[in-house]
Amino acid sequence: MEKYLEELNESQQKAVVYLDGPALVIAGAGSGKTRVLTYKIAWLLKQGFAPHRILALTFTNKAAREMKERIAGIVGEETARRLWMGTFHSIFSRILRREAERLGFTSNFTIYDATDSKNLIKSIIKEMQLDDKVYRPGMIQSRISNAKNALITYKAYEQNKQLIEDDLRNKIPLVRDIYARYQNRCQQAGAMDFDDLLLQTNLLFRDHPDVLGKYRDYFQYVLVDEYQDTNFAQHLIVKRLCEGRGNLCVVGDDAQSIYSFRGANIDNILQFKQLYPGCQIFKLERNYRSTQNIVNAANSLIRKNTAQIPKQVYSEKEEGSKLQVLSSYSDYEEAYAVAARVHEMRRQMPYADMAVLYRTNAQSRILEEAMRKRNIPYRVYGGLSFYQRKEVKDVISYFRLVINPHDEEAFKRVINYPTRGIGDTTVSKLVSAATTYGVSLWTVLQSLSDYAVPVNAGTAKKLAAFRELIDSFRERNQELPADEIATAIVKESGIVALLAQDHSTEGIGKFENLQELLKGIAEFCQIRQEEGNTQVSLGDFLAEVSLLTDQDQEGDENTDKVTLMTVHAAKGLEFGAVFVVGLEEELFPSAMSKDNPRAIEEERRLFYVAITRAERHCTLSFARSRFKNGQTTMCIPSRFLRDIDLKYLETEDGYRRPEADSSVSERKPESRPAFTSPLQQAQMRETPSAGPRKLTRMTAAPVSSAAEQDFSDFQIGMRVRHGRFGEGVILSFDGDGNNRKALIEFDNSGQKQLFLKFARLEKM
DNA sequence: TGCTCACTTGTTTTT
DNA sequence: CAAGTGAGCA
């Protein structure tokens, strides 16, 4: 162990060996946070803590898995396996299954994912005959989710004046009733949503002091990773488990808090000190990942935020190259420019050391296309996870129904898949009977006559057949291991036959996914058996898989591929070279956050996360136009580009950004970009005339306010000259007003579609 | 009941 | 551009 301690710097060491009370480790980007956590756990084991009495909570399954591996490397796999290590959601779902009866659930409860929740909300809105334009399901879902994260049950919601008034003001007074119905339906179905896993844990601990006492005594030391991303419910769980004893160590970086949309509360880390008196703070400020230029650029950016824990992150690596700013005409060109640079970079490092990061998943397509055309191998992370694909989820729904027949969402998904002549009308009848009698759909199905379901004989027969199908699976599930019952289910339900007859490309893909799923189950069984479990049931598999939204399928990790992912997904990772694309107003920062200073700060932190992923090279790219929602729109370079100190940037060709600090009057005309659009001018006007940087951030860019221009003097067939592409002929027009663009056949550069507004065409 | 086709509409990040 | 919805028809 001493040998391992030597691998740590002084502040890391102090954080590892400190056991005299609550500890807060502020870990700057790339400062060896994971190393501290793993060694701390190893240290605890060395001090005699039993592995199964250490609780380590992480943010993603992947983080947990990797940390476990690293610990196994130090203390051996046998010991590492006994640790309670995982995400909040997975750890507490385990505890909830054990204690389910206390809460009126059974241990085989289903976990509803976000889609299940949304579907349930949709059907409740429909049943209540509300307008889904007013009661927008997504909005209701996030309201309920926020309430749950703040530990407001539906009963508390009804009594919360503030919330009720809010809803009244927003003309959605019935949210409280939707919430109440939603919760009852979940209970009825024996289901918990993601937020329930935390909420119910809190209720369990609040209402059953003996249970809380049991776990509080059981866990002798608690560690929490990514503490800046915990929400109130998570914070309270931790607090309850550690009450009165200081055996707690939380690690995080307030500058990397990027999950407030999910209820994460940055105050948890900012106020940790006040909440846990006697707590010791450790700061890890030396960055081991990146060159000085990257660290300094990131520092200059994050300095523009207000609330943060003071720290000075520094690097002692070489100065390194400056951050490259890349500007392109369009999203299309951007993707190709990035692909070209990736190709070039290949001379310095393998593809696997490079990543292209973007704000939204939708941006991946065009990048993929560019990579494919250049024959660059890539791997896209995120988007739909394996378990969320329709064909996989349908099969999983059968599994869910077998384990918990009251699962309403699984029932609805599966009852007519493959089609067996039970349509919407019949399902609606079942639902309405279930609602009137307050029972599950499955219960109604058991005795159609008892619940007065008005179906004709033919339909009744089909329903009975479905019931028998599920019953027969349920029976066999008692004895069979997971892989065998799973195979029986996909065969006898008719899914295999259905998918096998579809010979289209995507049909084949679906069939392969099905095989993949079955293979996954078989592997799961095998691993569990090797760990000493005799019989591995379908329920075991399901309990695990419901929380595995992580991207950890295919084993092609070792091949040399460029990584494409969202910035969120990149948190915690590092790459030799990073390309951050789409740095434009309304995209990064997102349009959703433009009027909200707090949200803008979060977007800035997100950008900070993106930059600090880079070890040696970082490229920041934006396009001047982008295809969005079915049409091309013009873009303004992101305000964040102006937040980075110029001396760390290397800008080239057309773009030279306005300097945030210098005043307009001082700027010489020559220092302006050669290529200036009216929009850019509008943006420049907005730069503060004197000192206060704040203005830059607080003034929203007046995008649409730019005056409409008249381009009517350009005609089809006219010969024009363009500054970059030379001479050409106008073939056609598209769009109106400021978005009017012309398709031009250039003599030397081929066809281009250009905004008249930008193009500054000259009539010949 | 179930399928197809035309139409509308909406936009972020994820355990 | 995508997904989701609603009408029309077998």
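Letters go in sequence order (proteins before strands), and every chain restarts at 1. Everything numeric here is computed off the predicted structure, so don't read it as measured data. As a basis for the values below, the full set of heavy atoms in this structure was taken, side chains included, without hydrogen atoms, waters or symmetry mates.
Looking at heavy atoms from C-beta onward, A:L620 lies in side-chain contact with A:I611 at the 4.5 angstrom threshold.
A:S90 comes within contact range of no nucleotide atom at all, as no heavy-atom separation falls under 4.0 Å.
When all heavy atoms of A:L606 and A:V567 are compared, the closest pair comes out as O-CG1, 3.3 Å. Minimum interatomic distance between A:T60 and A:T58 (heavy atoms only, all atoms of both residues): O-OG1, 3.1 Å.
One side chain, A:N456 or A:T459, offers a donor N or O that lies under 3.5 Å from an acceptor on the other. With 3.5 Å as the limit, one finds no donor-acceptor pair spanning the side chains of A:Q129 and A:E127.
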Report all interatomic pairs (protein N or O, nucleotide N or O of nucleotides 2-7 of chain B) with separations under 3.5 Å.
unit_1	atom_1	unit_2	atom_2	d
B:dG2	OP1	A:N416	ND2	3.4
B:dG2	OP1	A:G421	N	2.9
B:dG2	OP2	A:N416	ND2	2.9

Nucleotides 8-13 of chain B: which of its N/O atoms have a protein N/O under 3.5 Å away?
unit_1	atom_1	unit_2	atom_2	d
B:dT11	O2	A:N629	OD1	3.2
B:dT11	N3	A:N629	OD1	2.4
B:dT11	N3	A:N629	ND2	3.3
B:dT11	O4	A:N629	OD1	3.4
B:dT11	O4	A:N629	ND2	2.9
B:dT12	O2	A:R359	NH1	2.6
B:dT12	O2	A:R359	NH2	2.5
B:dT13	OP1	A:N361	N	2.8
B:dT13	OP1	A:N361	ND2	3.0
B:dT13	O4'	A:R359	NH2	3.4
B:dT13	O2	A:R359	NH2	2.5
B:dT13	O2	A:H568	NE2	3.3

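One interatomic measurement links the two molecules: CG of A:D225 to P of B:dT15, which rounds to 14 Å at whole-angstrom precision. For the pair A:F88 CZ and B:dT15 C1', the interatomic distance rounds to 11 Å; values are reported in whole Å.
Ring-centre distance between A:F466 and A:F411: below the 6.0 Å cut-off.
By the 6.0 Å contact criterion, CZ on A:R598 is open, its count of non-hydrogen atoms from other residues, nucleotides or ligands being 12 or less.
Residues satisfying the side-chain hydrogen bond (donor to acceptor under 3.5 Å, both in side chains) test with A:T426, not counting sequence neighbours, are none.
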